[in-house]
Amino acid sequence: MALDKYQIAQRIAQELQDGFYVNLGIGIPTLVANYIPANLDVILQSENGLLGMGPFPLEGEEDADLINAGKQTITTLPGSAFFDSAMSFGMIRSGKVDLTVLGAMEVSENGDIANWKIPGKMVKGMGGAMDLVASAKNIIVAMMHTNPKGESKLLSSCTLPLTGKRCVKKIVTELAVLEIVNGAFKLLERAPGVSVDEIREKTAGKLIVETGIPEMQF
Amino acid sequence: MALDKYQIAQRIAQELQDGFYVNLGIGIPTLVANYIPANLDVILQSENGLLGMGPFPLEGEEDADLINAGKQTITTLPGSAFFDSAMSFGMIRSGKVDLTVLGAMEVSENGDIANWKIPGKMVKGMGGAMDLVASAKNIIVAMMHTNPKGESKLLSSCTLPLTGKRCVKKIVTELAVLEIVNGAFKLLERAPGVSVDEIREKTAGKLIVETGIPEMQF
Amino acid sequence: MNKVFTNAAHAVEDIADGSTIMLGGFGLCGIPENCIAALVKQGTKELTCISNNAGVDDFGIGLMLQQKQVKKMISSYVGENAEFERQLLSGELDVELVPQGTLATRCMAAGYGMPAIFTPAGVGTEVAQGKETRNFNGKEYLLEMAFDADYAIVKAWKGDALGNLVYKDTARNFNPLMAMAGKITIAEVEELVPAGTLDPNQVHTPGIYVHRIFQGQDYEKRIEQRTVRKQLPF
Amino acid sequence: MNKVFTNAAHAVEDIADGSTIMLGGFGLCGIPENCIAALVKQGTKELTCISNNAGVDDFGIGLMLQQKQVKKMISSYVGENAEFERQLLSGELDVELVPQGTLATRCMAAGYGMPAIFTPAGVGTEVAQGKETRNFNGKEYLLEMAFDADYAIVKAWKGDALGNLVYKDTARNFNPLMAMAGKITIAEVEELVPAGTLDPNQVHTPGIYVHRIFQGQDYEKRIEQRTVRKQLPF
């Protein structure tokens with residue numbers, strides 16, 4: 001059965017390693033924070049200028065001066081640090097952030113990503129997405145396998161304006177975990193009960209399927 | 001009579017204006033701090049990372065963590081701020097420092113300055129001098145008019161390796177105040193009792209002398 | 001050296017029509033509320049605004065958009081603003097979208113006297129159109145120019161009479177970068193203190209970068225997305 | 001996440017012969033005394049050292065020079081060191097002199113993921129030899145490359161278990177810049193405190209940049225030029 005968005009986040013959380021500094025984008029990526037294994041020290045970076053992002057505040061304890069990159073009220077944790085936006089993107093550009101998780105409208109088989117602009121629609125801007133995808137060592141995309149019309153979002157090449165080129169390393173959808181390898185989507189895992197055929201059918205770009213694709217474990 | 005080094009510093013202090021941020025080099029320039037008129041707010045920048053440099057500490061109050069760019073123990077003043085060396089030279093490069101005073105071995109008539117290296121002698125390095133001369137809006141050189149051999153240090157072109165090109169605005173020596181104008185040293189003031197002829201004789205580069213050169217006032 | 005102004009109206013009164021101004025803040029966090037209100041009242045027009053966001057319809061830079069004071073926005077994200085969208089679609093407003101890190105670094109470059117910087121953000125995208133690219137160590141970078149702004153308007157938590165500033169939490173964001181970048185920098189602070197009050201080790205923006213400072217008042221500090229968690233039951 | 005090391009010897013033990021290391025400090029102010037002592041004891045050789053100065057004969061990097069551990073110094077000022085001079089003149093030691101602001105900014109560039117920066121320092125001088133120049137708005141600049149160092153070794157006043165650092169006074173100097181620039185950054189601190197002790201608004205180097213931290217000991221903090229003024233008479 002296909003995963004729900006919480007399970008996608010939960011699966012991505014399995015990619016975390018002890019000591020990782022992680023930047024989580026808006027949407028499903030934000031949910032990953034709820035599934036960080038208790039035995040791992042993982043520090044969340046918010047690109048507006050915070051290392052060590054904590055949970056939402058208790059009601060009545062919201063502080064207008066303390067928000068995340070999604071403009072939500074948050075808290076700090078012991079050992080947090082604030083800094084300006086140049087240093088924030090400095091640490092992103094210099095590869096100090098170990099993992100970036102973000103959403104996408106389209107991903108291509110060579111790792112291009114489009115997630116900021118739909119021609120003909122009001123463009124809100126790329127925010128920090130272009131900086132993140134151009135610089136992060138390790139980018140995981142969290143998204144649905146298909147768009148609301150049922151069309152594949154895993155393409156041979158993106159049709160929408162790009163956010164970045166050849167940068168995505170891994171994709172977790174409601175159906176599968178895939179890795180970008182040599183210009184193709186390599187299937188690593190299936191969602192429990194989802195067939196390779198269904199994934200194949202919903203993947204427009206080149207798909208590499210070796211034998212014995214395991215189901216995701218939770 | 002020719003000025004002594006304290007009088008050179010005193011004359012340079014007349015160039016200060018209220019609200020100036022000033023960087024003083026090692027040697028005579030350092031002495032300028034002693035002659036800042038009491039009615040002016042002048043803030044001293046030390047390029048190792050301090051705005052608002054105060055006087056030397058009282059004996060017993062020296063702090064190894066608090067030195068100036070000459071590595072001398074110093075103090076802070078109310079409203080001081082510390083910063084790293086990149087920000088320090090950032091404020092220098094972006095023209096926020098209003099005046100830089102430094103020593104020189106040679107100055108040319110087009111404003112080139114040489115003050116860091118003598119071929120054949122051990123080279124100690126340029127420190128921050130190249131950054132300062134390349135960036136400061138307003139550079140005054142404090143130096144003797146001639147070297148120990150009696151040769152002019154105000155030349156048509158420098159013989160020593162340059163620290164910076166076309167950057168010096170004004171020169172104060174024991175004999176004169178001169179301005180760099182259109183590729184020449186323009187004589188502005190004479191030291192009390194020093195003749196224009198003596199200045200002319202000791203200036204190897206092109207010298208512009210208009211009529212009625214006043215004596216310096218103290 | 002007198003940098004202290006009595007209020008926002010005086011601090012911004014010489015900002016002329018057609019100026020390029022930077023405004024600190026991320027979303028509605030750490031924005032110069034007092035100066036924005038004074039600019040709205042003053043009615044300065046044809047402004048080019050460099051700011052990460054454009055406010056919301058009834059707060060922040062949105063208030064200036066309502067009065068049609070803005071000719072051009074240079075921002076990384078301009079959502080959440082219906083009047084902005086209307087003016088953009090009608091051609092009244094020009095917008096230049098800049099990746100957030102590029103925006104921040106172009107401010108820093110101005111403050112650090114660096115004419116341009118190299119960044120990989122936007123390589124291979126439409127942001128790169130018309131820009132010089134260069135390969136260093138096998139990776140492609142864009143050459144992006146330092147900003148050139150007439151005024152920077154920033155909001156700090158505390159400031160002293162010499163212009164030294166301290167920011168609070170994520171309200172820091174673009175404020176210290178823009179403070180360094182303006183030809184004239186105007187700082188509004190929640191608390192104006194005498195020189196010597198702030199710890200010199202903890203100053204975020206040294207006063208050399210700040211030309212005008214005033215004690216702000218009536219801060220609303222609106223929260224854009226109020227998110228809370230439930231008190232855990234006992 | 002365990003960044004805390006027991007002492008300098010452990011923190012530097014994997015630094016191999018031939019490494020490029022950055023060392024914080026200006027003169028003898030804010031230098032990583034403990035790590036230098038450990039490197040001397042360990043005898044690591046053929047080092048390329050990036051540091052604003054080279055210490056004095058019997059302190060700081062001078063101690064490593066005495067043991068002939070340094071192959072090359074990249075500095076802005078190397079006076080006050082007779083052994084340095086001897087090795088340089090005899091050809092045992094290579095030196096690259098870099099303007100101080102360029103040195104600082106090349107560290108920052110590495111920490112900020114910028115491959116190169118433009119600076120006017122050194123234009124028209126022998127520092128510009130072999131370097132690309134470029135004119136922006138009528139002014140000439142040199143293209144200078146970000147440093148690429150295997151290790152950065154810095155000294156802070158306080159630090160916490162997550163690697164957050166706070167510096168004191170002018171002992172800050174190059175330390176936060178180098179801390180950002182090392183592939184592996186080692187910080188020695190006068191006082192190691194638990195995470196949560198430092199005010200998050202007052203951290204100078206966020207812990208993400210620091211890989212190893214330890215509580216230093218027996219700091220000598222030598223003063224290079226003791227200058228004092230007389231107590232005013234009553």
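Naming: A, B, ... by sequence-line order, numbering from 1 per chain. Every value quoted in this text rests on a predicted model; they were computed, and no experiment measured them.
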D:Val95, part contacting chain B, at a heavy-atom distance under 4.5 Å: neither
SB check D:Glu190 D:Lys155 (cutoff 4.0 Å): yes
Apply the test side chain to side chain contact (heavy atoms under 4.5 Å, CB included) to residues B:Lys153 and B:Ile171: give CA-CA distance (whole Å), side-chain angles for both, the deciding distance (0.1 Å), then the verdict. CA-CA 11 Å; B:Lys153 295 168 72 173; B:Ile171 304 141; over 6 Å; no
Examine whether an atom of D:Tyr167 lies under 4.5 Å from a heavy atom of chain B, and if so say whether it belongs to the side chain, the backbone or both; otherwise answer neither. neither
Please identify each residue that fulfils side-chain hydrogen bond (donor to acceptor under 3.5 Å, both in side chains) with B:Lys202, with sequence neighbours left out. B:Glu198
For residues D:Ala110 and D:Ala146, report the shortest heavy-atom separation together with the two atoms involved. N-CB, 3.8 Å
Between the side chains of D:Glu140 and D:Thr133, is a donor N or O closer than 3.5 angstrom to an acceptor N or O? yes
Under a 4.5 Å heavy-atom cutoff, which of B:Thr75, B:Asp63, B:Leu132, B:Thr76 has the most pairs with chain D? B:Asp63
Examine whether an atom of D:Asn81 lies under 4.5 Å from a heavy atom of chain B, and if so say whether it belongs to the side chain, the backbone or both; otherwise answer neither. neither
Between D:Gly122, D:Pro176, D:Gly101, which shows the greatest number of heavy-atom pairs under 4.5 Å with chain B? D:Gly101
Taking the side chain as every heavy atom from C-beta outward, state whether D:Val127 and D:Pro99 have any pair of such atoms under 4.5 Å apart. yes
Side chain to side chain contact (heavy atoms under 4.5 Å, CB included) between B:Ile28 and B:Thr30, intermediate numbers included: CA-CA 5 Å; B:Ile28 299 176; B:Thr30 301; over 6 Å; no
Would B:Glu15 and B:Lys170 satisfy salt bridge (charged side-chain N to carboxylate O under 4.0 Å, His left out), going step by step from the backbone distance to the final call? CA-CA 10 Å; B:Glu15 303 288 317; B:Lys170 211 173 251 190; 2.7 Å; yes
Residue by residue, scan residues 24-31 of chain D and write down, ordered by number, those that have a heavy-atom distance under 4.5 Å to chain B; if none do, write 'none'. D:Phe26, D:Gly27, D:Cys29
For the residue pair D:Gln225 / D:Thr227, report whether a side-chain donor-acceptor contact shorter than 3.5 Å exists. no
Do you see a donor-acceptor pair shorter than 3.5 Å between the side chains of D:Ser76 and D:Asn52? yes
Count the heavy-atom pairs under 4.5 Å between each of D:Ile223, D:Val78, D:Thr105, D:Leu177 and chain B, then report the option with the highest count. D:Leu177
Which one, D:Ala128, D:Ala54, D:Cys107, D:Pro120, leads in non-hydrogen pairs under 4.5 Å with chain B? D:Pro120
Only heavy atoms, only distances under 4.5 angstrom. Which residues in residues 108-124 of chain B are near chain D? B:Trp116, B:Lys117, B:Met122, B:Val123, B:Lys124
Salt bridge flag under 4.0 Å for residues D:Glu144 and D:Lys131: yes
Between B:Ser152 and B:His145: side-chain donor-acceptor atoms closer than 3.5 Å: no
Which residue out of B:Pro57, B:Gly128, B:Ala134, B:Gly49 racks up the most heavy-atom pairs below 4.5 Å with chain D? B:Pro57
For residues 82-101 of chain B, give me every residue with a non-hydrogen atom less than 4.5 Å from any non-hydrogen atom of chain D. B:Phe82, B:Phe83, B:Asp84, B:Ser85, B:Ala86, B:Phe89, B:Arg93
Using heavy-atom distances under 4.5 Å, tell me whether D:Arg172 contacts chain B through its side chain, its backbone, both, or neither. side chain
Applying salt bridge (charged side-chain N to carboxylate O under 4.0 Å, His left out), run through D:Asp58 and D:Arg222 and close with a yes or a no. CA-CA 11 Å; D:Asp58 62 344; D:Arg222 197 185 292 189; 2.8 Å; yes
Salt-bridged, D:Arg226 to B:Glu62, with N to O below 4.0 Å? yes
Max heavy-atom pairs within cutoff under 4.5 Å with chain D, candidates B:Asn68, B:Val133, B:Leu66, goes to B:Leu66
If you tally heavy-atom pairs under 4.5 Å against chain D, which of B:Ser46, B:Gly127, B:Gly164, B:Gly125 wins? B:Gly127
Going through the distances and angles, do D:Lys221 and D:Glu33 end up as a salt bridge (charged side-chain N to carboxylate O under 4.0 Å, His left out)? CA-CA 8 Å; D:Lys221 298 176 70 167; D:Glu33 296 182 19; over 6 Å; no
Side chains of D:Gln217 and D:Asn34 only: does a donor on one sit below 3.5 Å from an acceptor on the other? no
Could you tell me how the ring of D:Phe136 sits relative to the ring of D:Tyr141: parallel (under 30°), tilted (30 to 60°) or perpendicular (over 60°)? perpendicular
For atom OH of D:Tyr219, is the number of surrounding heavy atoms from other residues, nucleotides or ligands below 6.0 Å larger than 12? yes
D:Asp148 CG to D:Arg106 CZ distance, which is reported to the nearest 0.5 Å: 10.5 Å
For D:Glu96, which atoms come within 4.5 Å of any heavy atom of chain B: side chain, backbone, both, or neither? neither
